[in-house]
Amino acid sequence: FGQVLTDGESNVVVLQETMLGDLKAITDVHGPAYTLEEIEIVANTLNIVLPVAALDDTVAQSFLEVSSDVIGTLTVNGDDQQIVEFITGRFMHLLEEFAEAVAIAHDCDSGPSILDTEFVDLKVDCIDPESTEDQTFSLTDADVGYSVSITVPNTENDIQLKVSLMVYDEIQNLISNKAENKSDATQSKNLVLEPVLEKDVTVESLVTSFIITSSLGTIVDFTNNPVVISLKNNEVYGKSGMWSESGCTVDEENSSNTYLTCICTHLTNFAVLMQVTEFEIPLTRAHSLALENLTYICSVTSIFCLVMTLGCYTYLRLWKSQRIILHANLAASLAIAQTIYLVGIEAEPASLCKVVAVALHYFFTSSFVWMFIEGANLYVKSIFVFAKEIPTAALAGVGWGVPLLIVAISLAIRFDGYGSNGICWLSYDNGLIWAFAGPVILVILINAIILILVLRVFMTLKANADKTEVEKLRIGIRAIVMLQPLLGLTWLFGAFAVNAETLVFQYLFIIFNALQGVFIFILHCAMNEDVKQAFLKKRRVKHSHDSATMSLSMRDTSSTMATKSGVESVKF
């Protein structure tokens with residue numbers, strides 16, 4: 001394989017090759033007619049052997065032949081929706097990971113590598129780093145009747161880039177059949193099919209995957225210098241065709257009756273909670289991975305801190321304070337929402353994905369309603385000092401009831417819009433995203449006004465009247481830092497992230513909002529005066545109890561010793 005392996009590593013490689021060989025022998029006998037459970041077993045096994053299979057063309061050919069048999073199941077069990085969802089979702093994603101791994105491991109000195117099977121073909125080639133011209137890579141099969149190509153612009157660097165082209169057969173027929181039924185048109189999550197027509201729709205080219213990568217992990221940005229993709233149509237290309245323009249647009253001038261040409265600025269998609277239009281920010285893969293990893297790290301930390309906050313409030317029995325109760329409800333809604341996001345944002349099948357999308361909508365909306373309640377409570381306590389306290393039960397009804405009403409109305413109006421954009425979230429195609437973004441922006445604006453009014457009152461207090469302007473500024477900044485996690489103002493960063501030049505807002509959005517739970521724990525639990533006093537009181541009570549117990553134990557010991565002494569003296 002071109003690398004030195006230890007005895008242990010060599011044994012693992014041999015074992016994985018043996019597993020793949022046994023699996024291929026079984027599939028050769030079985031043929032392309034699997035049940036869902038059998039497909040899942042095959043997929044899990046392929047996932048295990050993928051790293052080894054990508055290193056050698058012969059082993060890779062076996063991997064692809066097994067995969068082809070699985071895809072061939074669609075010719076037999078294409079009416080089984082669960083099988084369709086699994087193959088067009090998780091299984092196709094597995095094959096894309098395999099294609100990338102093969103490209104990374106490919107030896108450029110050996111020339112292009114072509115793997116050919118019945119239902120999926122793969123070609124891997126290298127981009128010449130010394131070339132000053134655009135380079136075109138194509139994959140053609142005269143028997144099947146397809147021809148695809150990708151033209152990569154001159155990258156003006158010395159990094160060895162590699163390109164993989166993978167063409168699926170039979171998948172296009174599946175999409176065409178599903179597109180005929182409007183209600184079924186969004187079922188295949190990874191293909192992001194849209195409910196666009198009342199009439200029949202036919203996909204006129206094979207489903208194709210293009211990946212550009214590097215053995216060194218170097219990422220090239222094609223935003224200003226796009227790649228060009230060409231697909232051969234099965235039928236004559238018509239001007240009435242409909243296209244998904246997420247990352248790619250049709251080049252009408254260079255398209256003909258039989259070939260369709262697309263100009264693409266990026267080959268992957270990225271979605272955020274506050275994205276309200278179909279436009280996607282073109283991200284390099286490095287930024288996509290960085291943002292994804294940052295999201296997971298910050299969110300896990302935030303969830304841990306939110307749970308710690310709730311545990312601390314419970315341990316210290318602070319439920320008599322309405323302010324603490326409001327903090328706890330906000331912490332609970334955020335913890336649940338972030339947990340569901342982490343484990344379910346790419347959930348499968350489509351029915352589960354829809355449930356996750358509804359749950360995310362409810363709990364994230366609920367967290368913002370609680371932020372509004374926090375802001376309103378802050379305003380009332382600051383402006384109307386002697387105002388009567390609103391019953392906590394009424395606030396709880398608003399905090400958990402209003403989001404339920406918003407989600408119920410959204411479900412009634414746009415049920416198909418949940419989990420239909422390739423992730424388990426709200427669709428922006430039909431405006432459903434505004435059922436979340438609208439309340440969020442409204443809460444942010446109201447809380448921003450409240451913060452300004454509260455700061456104005458705070459600065460006019462007698463205690464601050466004699467302070468210098470620098471001291472007042474320092475106090476104001478401290479107040480903003482303290483209150484921001486409760487008011488959710490930094491969620492506005494998501495709305496500012498509109499293009500590649502404002503990418504910094506993506507990072508700020510994730511850092512501030514995924515870490516919202518950390519800020520709540522530090523500022524409103526660890527540094528909270530009620531929490532500090534309750535903790536000190538609990539320590540004093542525990543210390544007094546321990547002292548009393550020790551004193552009682554000592555008296556019992558003294559009494560016992562005296563008794564024993566008396567008995568012994570009598571006996572003596």
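Owing to the predicted nature of the structure, the values given are computational and were not obtained by experimental measurement. For the single chain, residues carry numbers from 1 onward in sequence order.
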[X] side chain vs [Y] backbone, donor-acceptor pair below 3.5 Å:
{"X": "Glu38", "Y": "Thr35", "value": "yes"}
{"X": "Ser321", "Y": "Leu318", "value": "no"}
{"X": "Thr339", "Y": "Ala335", "value": "yes"}
{"X": "Ser302", "Y": "Gly517", "value": "yes"}
{"X": "Lys354", "Y": "Phe415", "value": "yes"}
{"X": "Tyr379", "Y": "Leu453", "value": "no"}
{"X": "Asn47", "Y": "Ala43", "value": "no"}
{"X": "Ser410", "Y": "Ile406", "value": "yes"}

Provide the closest heavy-atom pair for [X] versus [Y] in the form atom of the first, atom of the second, distance.
{"X": "Leu360", "Y": "Cys424", "answer": "CD1-O, 3.4 Å"}
{"X": "Ala396", "Y": "Trp370", "answer": "CA-CH2, 3.6 Å"}
{"X": "Ser367", "Y": "Leu330", "answer": "O-CD1, 3.4 Å"}
{"X": "Ile444", "Y": "Gly488", "answer": "CG1-O, 3.7 Å"}
{"X": "Pro439", "Y": "Trp434", "answer": "CD-O, 3.5 Å"}
{"X": "Ala328", "Y": "Leu310", "answer": "O-CD2, 3.4 Å"}

Counting only heavy atoms not in [X], do more than 12 fall under 6.0 Å of its [atom1]?
{"X": "Gln82", "atom1": "CD", "result": "no"}
{"X": "Phe86", "atom1": "CZ", "result": "yes"}
{"X": "Ile390", "atom1": "CD1", "result": "no"}

Are side-chain heavy atoms of [X] and [Y] found at a separation under 4.5 Å?
{"X": "Phe521", "Y": "Leu306", "answer": "no"}
{"X": "Asp530", "Y": "Arg323", "answer": "yes"}
{"X": "Phe364", "Y": "Pro403", "answer": "no"}
{"X": "Leu515", "Y": "Ile511", "answer": "yes"}
{"X": "Met92", "Y": "Glu97", "answer": "no"}
{"X": "Leu122", "Y": "Ser164", "answer": "yes"}
{"X": "Val120", "Y": "Val167", "answer": "no"}
{"X": "Thr295", "Y": "Tyr341", "answer": "yes"}

Find out if the SG atoms belonging to Cys312 and Cys525 lie under 2.5 Å from one another.
no
Taking the six-membered ring where the residue is Trp, are the ring centres of Phe63 and Phe98 under 6.0 Å apart?
yes
Measuring centre to centre across the rings, with the benzene-like ring taken for any Trp, is Trp425 within less than 6.0 Å of Tyr418?
no
In a check of side chain to side chain contact (heavy atoms under 4.5 Å, CB included) between Asn447 and each of Leu451, Ile449, Ile450, which one passes?
Ile450
For the pair Asp121 and Tyr168, evaluate side-chain contact (heavy atoms from CB on, under 4.5 Å) and give the outcome as yes or no after the intermediate values.
CA-CA 7 Å; Asp121 296 340; Tyr168 301 89; over 6 Å; no
Please test Ser333 against Trp400 for side-chain contact (heavy atoms from CB on, under 4.5 Å), starting from the C-alpha separation and ending with a verdict.
CA-CA 9 Å; Ser333 59; Trp400 298 107; 3.8 Å; yes
Decide whether Ser299 and Gln338 meet the rule of one side-chain donor and one side-chain acceptor closer than 3.5 Å.
no
Reported [atom1]-to-[atom2] distance for the pair [X] and [Y], which is rounded to 0.5 angstrom:
{"X": "Ile324", "Y": "His327", "atom1": "CD1", "atom2": "NE2", "result": "5.5 Å"}
{"X": "Thr365", "Y": "Leu426", "atom1": "OG1", "atom2": "CG", "result": "8.0 Å"}
{"X": "Leu95", "Y": "Met166", "atom1": "CG", "atom2": "CE", "result": "5.0 Å"}
{"X": "Thr301", "Y": "Tyr296", "atom1": "OG1", "atom2": "OH", "result": "14.0 Å"}
{"X": "Leu378", "Y": "Leu487", "atom1": "CG", "atom2": "CG", "result": "6.5 Å"}
{"X": "His524", "Y": "Glu374", "atom1": "NE2", "atom2": "CD", "result": "7.5 Å"}

Test Val402 against Phe372 for side-chain contact (heavy atoms from CB on, under 4.5 Å), laying out the working first.
CA-CA 12 Å; Val402 170; Phe372 166 74; over 6 Å; no
Given the rule in the side-chain contact (heavy atoms from CB on, under 4.5 Å) test, do Leu316 and Val531 qualify, once you have shown the distances and angles that lead to the verdict?
CA-CA 7 Å; Leu316 298 175; Val531 173; 3.6 Å; yes
